[in-house]
Protein chains: 2
Amino acid sequence: MEEPRELLQTLARQFGLLNKTCCQISGVDISLIHSHILYEIGRQDTPSMQKIAERLGIDITTFSRQIQSLIKNKLVKKTASPEDRRVYLLSLTTEGKFVAASIDKIMDDYLDDVFSFMNDFEKETVMRSLQLLNMSMQKSKMCCTPMG
Amino acid sequence: MEEPRELLQTLARQFGLLNKTCCQISGVDISLIHSHILYEIGRQDTPSMQKIAERLGIDITTFSRQIQSLIKNKLVKKTASPEDRRVYLLSLTTEGKFVAASIDKIMDDYLDDVFSFMNDFEKETVMRSLQLLNMSMQKSKMCCTPMG
DNA sequence: GTAAATACTTGTAAAATGCAAGTATTAATT
DNA sequence: AATTAATACTTGCATTTTACAAGTATTTAC
């Protein structure tokens with residue numbers, strides 16, 4: 001089957017991941033990576049730097065500087081862990097939570113729009129398929145860095 | 001439904017698009033963007049610069065320099081169009097074709113591995129779902145830059 | 001109690017980015 | 001036919017991003 005490659009390639013592009021600029025929320029420019037970082041911090045309980053960087057597959061030194069920039073923009077807070085003082089725990093500030101929620105809203109609207117072209121059955125099938133695909137990608141030994 | 005956002009977010013990450021380094025083929029380092037450019041040139045008939053840049057959603061000035069780098073690496077050729085001398089037509093060199101084919105191979109292997117966790121019915125369903133999703137994304141007015 | 005490992009930061013140099021302003025060519029207007 | 005506007009692409013910046021190597025600080029292992 002020749003199709004899958006074309007599909008994935010297009011899909012990857014559809015996500016808009018090639019262009020760096022993500023969005024502007026309440027006057028602050030949010031890059032794509034910042035949005036991913038905010039998303040992940042938001043749904044974890046005071047994760048360490050390592051944890052988020054690893055989850056996103058970003059080099060830890062690059063991540064360190066990205067976090068510095070997010071802190072400068074007052075979207076993220078860094079607290080020394082009381083248990084292990086090498087570790088810094090990350091959390092969203094009030095403004096960070098607001099920005100993360102705004103991005104969620106944008107994405108939800110987008111997804112609503114995308115799914116509006118499907119009937120309920122198709123919607124359900126697509127969702128299950130994406131789940132299955134995600135799981136399979138995770139199972140694959142080549143996962144996440146087929147190109148790395 | 002809360003799930004779609006999480007699914008898409010994860011899926012986007014699974015594609016490994018956050019990390020820039022793509023692969024090394026016959027001694028040449030290929031960045032993620034280069035691989036996308038090679039892919040698109042490869043499946044179009046001597047497209048113009050504009051066309052590829054637009055399709056990939058890359059700023060034309062950035063693209064211009066990326067092409068320069070690909071030409072320096074002897075992967076891409078730029079020919080002045082005889083019809084409109086403002087236009088440059090892009091094509092892959094022999095080496096460029098080889099590199100593009102190598103990337104195809106890597107991706108195909110990856111996809112084979114991913115689909116090996118599914119039975120034929122699931123495989124078929126997932127493929128159809130991705131197709132439907134792609135089409136719906138294209139139909140959406142917000143397409144391609146929900147964050148732009 | 002010293003060595004090794006871990007978590008994170010900084011120096012630096014290379015690459016990528018995008019706006020503004022440029023060149024060259026073609027199309028549109030008068 | 002001559003000027004203007006539009007298009008296709010390039011270059012000059014100044015900024016941002018990147019990742020390797022080398023650093024600090026703390027904790028774990030022996």
Side-chain angles (χ1 to χ4, degrees), chain A residues 16-24 28-37 41 44 46-73 75-91 145 147-148, chain B residues 16-24 28-38 40-41 44 46-73 75-91 145 147-148:
Chain A
L17 287 186
L18 274 178
N19 38 352
K20 293 300 199 52
T21 47
C22 156
C23 42
Q24 203 194 25
V28 185
D29 272 319
I30 308 292
S31 72
L32 180 69
I33 286 147
H34 282 184
S35 86
H36 274 272
I37 294 174
I41 295 178
Q44 290 192 34
T46 57
S48 70
M49 311 240 328
Q50 199 76 244
K51 201 168 171 190
I52 300 292
E54 209 161 277
R55 185 148 173 74
L56 295 179
I58 306 176
D59 183 275
I60 185 71
T61 70
T62 301
F63 184 76
S64 174
R65 277 182 256 251
Q66 293 290 0
I67 286 291
Q68 283 167 30
S69 139
L70 282 166
I71 289 172
K72 205 168 68 188
N73 289 340
L75 300 180
V76 166
K77 234 179 354 196
K78 219 173 73 175
T79 327
S81 163
E83 279 145 30
D84 184 336
R85 286 171 58 199
R86 290 169 303 181
V87 173
Y88 284 102
L89 303 178
L90 300 172
S91 56
T145 51
M147 305 298 237
Chain B
L17 288 185
L18 273 178
N19 38 352
K20 292 301 199 50
T21 45
C22 156
C23 41
Q24 204 195 26
V28 185
D29 273 318
I30 308 292
S31 71
L32 180 68
I33 286 145
H34 282 184
S35 86
H36 274 272
I37 294 175
L38 291 177
E40 275 310 320
I41 295 178
Q44 290 191 35
T46 56
S48 70
M49 310 237 334
Q50 200 76 245
K51 201 167 171 191
I52 301 291
E54 209 163 274
R55 184 147 174 77
L56 295 178
I58 305 176
D59 182 274
I60 184 72
T61 71
T62 301
F63 183 75
S64 173
R65 279 182 256 252
Q66 294 290 0
I67 286 291
Q68 282 167 32
S69 138
L70 282 166
I71 288 172
K72 205 168 68 188
N73 288 341
L75 301 180
V76 165
K77 234 180 351 197
K78 219 173 74 176
T79 327
S81 164
E83 279 145 30
D84 184 337
R85 286 170 57 199
R86 291 169 302 181
V87 174
Y88 284 102
L89 303 178
L90 300 173
S91 56
T145 51
M147 307 298 237

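Remember, predicted model here, so these are calculated numbers, not experimental data. In what follows, chains carry the letters A, B, and so on, assigned in the order in which the sequence lines appear, proteins first and then strands, with residues in each chain numbered from 1.
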To the nearest Å, how far apart are A:L56 CG and D:dT18 P?
12 Å
Quick one: side chains of residues 76-83 of chain A, donor-acceptor pairs under 3.5 Å with protein atoms, not counting sequence neighbours, listed by atom name and distance.
unit_1: A:S81; atom_1: OG; unit_2: A:E83; atom_2: N; d: 3.2
unit_1: A:S81; atom_1: OG; unit_2: A:D84; atom_2: N; d: 3.3

Do any of residues 46-53 of chain B sit with a heavy atom less than 4.0 Å from DNA chain D, and if so which?
B:S48, B:M49, B:Q50
Output for pair (B:I41 CD1, B:M49 CE), nearest 0.5 Å, gives 9.0 Å
Among residues 61-70 of chain A, which residues get a heavy atom nearer than 4.0 Å to DNA chain C?
A:T61, A:S64, A:R65, A:Q68
Starting from C1' on D:dA19, measure out to CD1 on A:I33 and report it in whole angstrom.
13 Å
Using whole Å, what does the distance between atom P of nucleotide C:dA13 and atom CG of A:D59 come to?
18 Å
Rounded to the nearest 0.5 Å, what separates atom CD in B:E40 from atom CG in B:L90?
11.5 Å
Report the distance from atom NE2 of A:H36 to atom CD1 of A:I52, rounding to the nearest 0.5 Å.
12.5 Å
Tell me the interatomic distance from B:I58, atom CD1, to D:dC9, atom C1', rounded to whole angstroms.
15 Å
I need the CD1-P distance between A:I30 and D:dT16, as an integer number of Å.
14 Å
Residues in side-chain hydrogen bond (donor to acceptor under 3.5 Å, both in side chains) with A:D59, at least two apart?
A:T61
Quick one: pull up CG in B:L89 and CD in B:Q44 and give me the separation to the nearest 0.5 Å.
11.5 Å
What is the distance from CD1 of A:I60 to P of D:dT17, rounded to the nearest Å?
17 Å
For the student: nearest non-hydrogen atoms of B:I30 and B:L75, plus distance
CD1-CD1, 3.9 Å
Going by atom type alone, with no hydrogens or angles, which donor-acceptor pairs under 3.5 Å involve a side-chain atom of residues 62-72 of chain B and a protein atom two or more places apart or on another chain?
unit_1: B:Q66; atom_1: OE1; unit_2: B:H34; atom_2: NE2; d: 2.7
unit_1: B:S69; atom_1: OG; unit_2: B:H34; atom_2: NE2; d: 3.4

Measure OH/B:Y88 against P/C:dT23 and give the value in whole Å, please.
15 Å
Which atom pairs link the protein and nucleotides 26-30 of chain D when you take only N or O atoms and keep those under 3.5 Å?
unit_1: D:dT26; atom_1: OP1; unit_2: A:R85; atom_2: NH2; d: 3.4
unit_1: D:dT27; atom_1: OP1; unit_2: A:R85; atom_2: N; d: 3.0

Reckon B:K78 has a side-chain N or O less than 4.0 Å from the OP1 or OP2 of D:dT10?
yes
